[in-house]
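Okay, structure first, notes after.
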Amino acid sequence: MAHYKAADSKREQFRRYLEKSGVLDTLTKVLVALYEEPEKPNSALDFLKHHLGAATPENPEIELLRLELAEMKEKYEAIIEENKKLKAKLAQYEPPQEEKRAE
């Protein structure tokens, strides 16, 4: 009987661990999504893998690509701003388009 209580205690600890870390909630959501799927997929396991894959930690390479993308967006915005300023500066030295056509 003591062996049964020890095993039960370990199970309860493990269940609390899964609940605390969000695993039970995530699994429940994915299983509910599978249940509510109008056309059941051929492979329930692939469905689970696909939907759980989004919740897995990021691959370090993906994180590096995200950082690089953020840097490129910043550079792009800076270049766009510089381009606007240069166009405005250039417009000061060039006559308006209408005056050019009249010539």
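Remember, predicted model here, so these are calculated numbers, not experimental data. By convention here, the first residue in the shown sequence is residue 1.
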Under 3.5 Å, which donor-acceptor pairs do the side chains of residues 30-41 form with other protein atoms, sequence neighbours left out?
{"unit_1": "Lys40", "atom_1": "NZ", "unit_2": "Leu34", "atom_2": "O", "d": "3.3"}
{"unit_1": "Lys40", "atom_1": "NZ", "unit_2": "Tyr35", "atom_2": "O", "d": "2.6"}
{"unit_1": "Lys40", "atom_1": "NZ", "unit_2": "Glu37", "atom_2": "O", "d": "2.7"}

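Atom-to-atom distance recorded for Lys20:NZ and Tyr17:OH is 10.5 Å, nearest 0.5 angstrom. Here CE of Met72 is found 9.5 Å from CD1 of Ile79. Values are rounded to the nearest 0.5 Å. The line from NZ of Lys29 to CG of Asp25 is 4.0 Å long, rounded to the nearest 0.5 Å.
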Exercise for the section: With salt bridge (Lys or Arg N to Asp or Glu O under 4.0 Å) as the test, would you mind laying out the steps for Lys85 and Glu82 before giving the verdict? Expected result: CA-CA 5 Å; Lys85 288 177 183 177; Glu82 180 183 13; over 6 Å; no
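Scanning all heavy atoms of the two residues, the minimum distance from Leu24 to Thr28 falls at O-OG1, 2.7 Å.
In this structure the side chain of Leu27 reaches within 4.5 angstrom of the side chain of Leu52, judged on heavy atoms.
A search for side chain to side chain contact (heavy atoms under 4.5 Å, CB included) contacts involving Leu45 returns Ser43, Lys49, not counting sequence neighbours.
The 12-atom threshold is exceeded at CG of Asn83, counting heavy atoms of other residues, nucleotides or ligands nearer than 6.0 Å.
A salt bridge links Arg15 to Glu12: one of the charged nitrogens lies within less than 4.0 Å of a carboxylate oxygen.
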